[in-house]
Number of protein chains: 2
Amino acid sequence: MPVTAVLTSEEATGLLRGAGLRVTRQRVATLRALAVHRHATVDDIVTSLRDELPKVSFQAVYLVVADLLAAGLVSRLDLPGQASRYELERRDNHHHVMCTGCGRVEDVPCAVGAAPCLHPSDTHDMDIAVADVLFRGLCRDCRQRSAL
Amino acid sequence: MPVTAVLTSEEATGLLRGAGLRVTRQRVATLRALAVHRHATVDDIVTSLRDELPKVSFQAVYLVVADLLAAGLVSRLDLPGQASRYELERRDNHHHVMCTGCGRVEDVPCAVGAAPCLHPSDTHDMDIAVADVLFRGLCRDCRQRSAL
DNA sequence: CCGTTTTCTTGATCTATTCAAAACAAAGGT
DNA sequence: ACCTTTGTTTTGAATAGATCAAGAAAACGG
């Protein structure tokens, strides 16, 4: 279990400035929300922000995450049958496991060495930048439930 | 360039029977369409089927692919920002490359040996069944276009 | 060929996301 | 501090992909 990470407003501000982005309440709050709630959907983020910014709109959060994504501060995680999720960019090339039963998502550190699977045998003349790996399986709870 | 694969109606019928599914015009036609047009969306499939079955509905194709998926005859490919794509299940554990410029998708034979990336270091107590790998990069055309 | 069961059609609905235009807020210069 | 410019957010509507529900039609075993 990861200790709940905290990102101060000052740290979030620094990240935004460093990326050449204006510092707004919505952006700071979004970064801070993502530090705590990893793999958050836009809906999750809006919910987190309501305390601090009661009238924040979905549209605003969609724009914020799009900007943060373009700036490389967050990355997007697209899972089958779910809304897109966002996470703070950690530059550690980690992957994800998803339970096909309950949809739970967890991080997986890069398996062996630096970047497995980063060198496909035939790239169809494409210049590969990233490899996203998604492991799918059943978590313990769902296994027990289906064994009944 | 892969030679256009063809699946006869008889072969498609055999696949359906083998999976314990009823043989319908829509299912046979969908399997045949997928043999030719790999990575087809539901929309692509409906378009392919219009010649043979002018009044086929989207709903029918959604149901057909869901049944074929449940039977293990096809697999689904979910790419960021695109409608789901379907392909005949080949049981060869291949992966995909996608051009982030134009969205083109190609198959990639499994890189090294049998199943790389199938053994994450920490599975969070999940029983891993499959690993989907998506390589993202720029194809030659998009590279040239962006170099202008 | 008939009846049962499954599948397909029709038409409505939902959810995630995007578009467009006006209201507002951040940052730089005076 | 204030004003201006520019970029961001709100508001409200629109879109696309996918799903739900109920009746009509087709498959297949007897």
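Numbered from 1 within each chain, the chains take letters A, B, ... in sequence-line order.
- One finds no salt bridge joining A:Asp127 and B:Arg140 here, because no Lys/Arg side-chain nitrogen approaches an Asp/Glu carboxylate oxygen to under 4.0 Å.
- The side chain of B:Gln26 places an N or O atom within less than 4.0 Å of a non-bridging phosphate oxygen (OP1 or OP2) of C:dC8.
- What separates CG of B:Leu53 from P of C:dT7 is a distance of 16 Å, to the nearest Å.
- Distances from the side chain of A:Arg22 to the nucleotides D:dT10, C:dA26, D:dA27 place C:dA26 closest.
- Residue A:Ser84 has a polar side-chain atom (N or O) positioned under 4.0 Å from OP1 or OP2 of C:dT17.
- When distances run from any side-chain atom of B:Arg27 to the nucleotides C:dC8, D:dT8, D:dC20, the shortest one goes to C:dC8.
- Rounded to an integer number of Å, the gap from B:Glu52 CD to C:dC8 C1' is 15 Å.
- One atom, CZ of A:Phe58, and another, P of D:dA13, lie 17 Å apart when rounded to the nearest Å.
- Here the P atom of nucleotide D:dT19 and the CG atom of B:Leu69 are 11 Å apart, to the nearest Å.
- Candidate nucleotides D:dT11, D:dT9, C:dT7 were compared by shortest atom distance to the side chain of A:Gln59, and D:dT11 ranks first.
- Within the 4.0 Å cut-off from OP1 or OP2 of D:dG7, not a single side-chain nitrogen or oxygen of A:Thr24 is found.
- Applying the 4.0 Å criterion to OP1 and OP2 of C:dT18, one finds that A:Tyr62 has every side-chain N and O outside that range.
- Annotation: of the two residues near DNA chain D, A:Ala60 and B:Arg76, the 5′-most nearest-nucleotide partner is A:Ala60.
- Side-chain atoms of A:Ala83 lie closest to C:dT17 of the nucleotides C:dT17, D:dT10, C:dC8.
- With rounding to whole Å, A:Leu21 atom CG is found 14 Å from D:dT6 atom C1'.
- Across the interface with DNA chain C, nearest-nucleotide mapping of A:Asp43 and B:Asp67 shows B:Asp67 to be the residue nearer the 5′ end.
- With respect to A:Asp141 and A:Arg143, no salt bridge is recorded, no charged nitrogen being found less than 4.0 Å from a carboxylate O.
- Taking atom NZ of residue A:Lys55 and atom P of nucleotide C:dA25, one finds them 10 Å apart after rounding to whole Å.
- A distance below 6.0 Å separates the ring centres of B:His96 and B:His94.
- The number of heavy-atom neighbours closer than 6.0 Å to CZ of B:Arg90, taken from other residues, nucleotides and ligands shown, is above 12.
- Within 6.0 Å of the CZ atom in A:Arg50, the count of heavy atoms belonging to other residues, nucleotides or ligands exceeds 12.
- Across the protein-nucleic acid pair, B:Arg85 atom CZ and D:dA18 atom P stand 10 Å apart, rounded to whole Å.
- Between B:Asp78 and B:Arg25, the residue whose closest nucleotide on DNA chain D is further toward the 5' end is B:Asp78.
- Summarising the geometry, the separation between CG on B:Leu79 and C1' on D:dG17 is reported as 14 Å, rounded to the nearest angstrom.
- B:Val42 comes within 4.0 angstrom of no nucleic acid atom, judged by non-hydrogen atoms across all strands.
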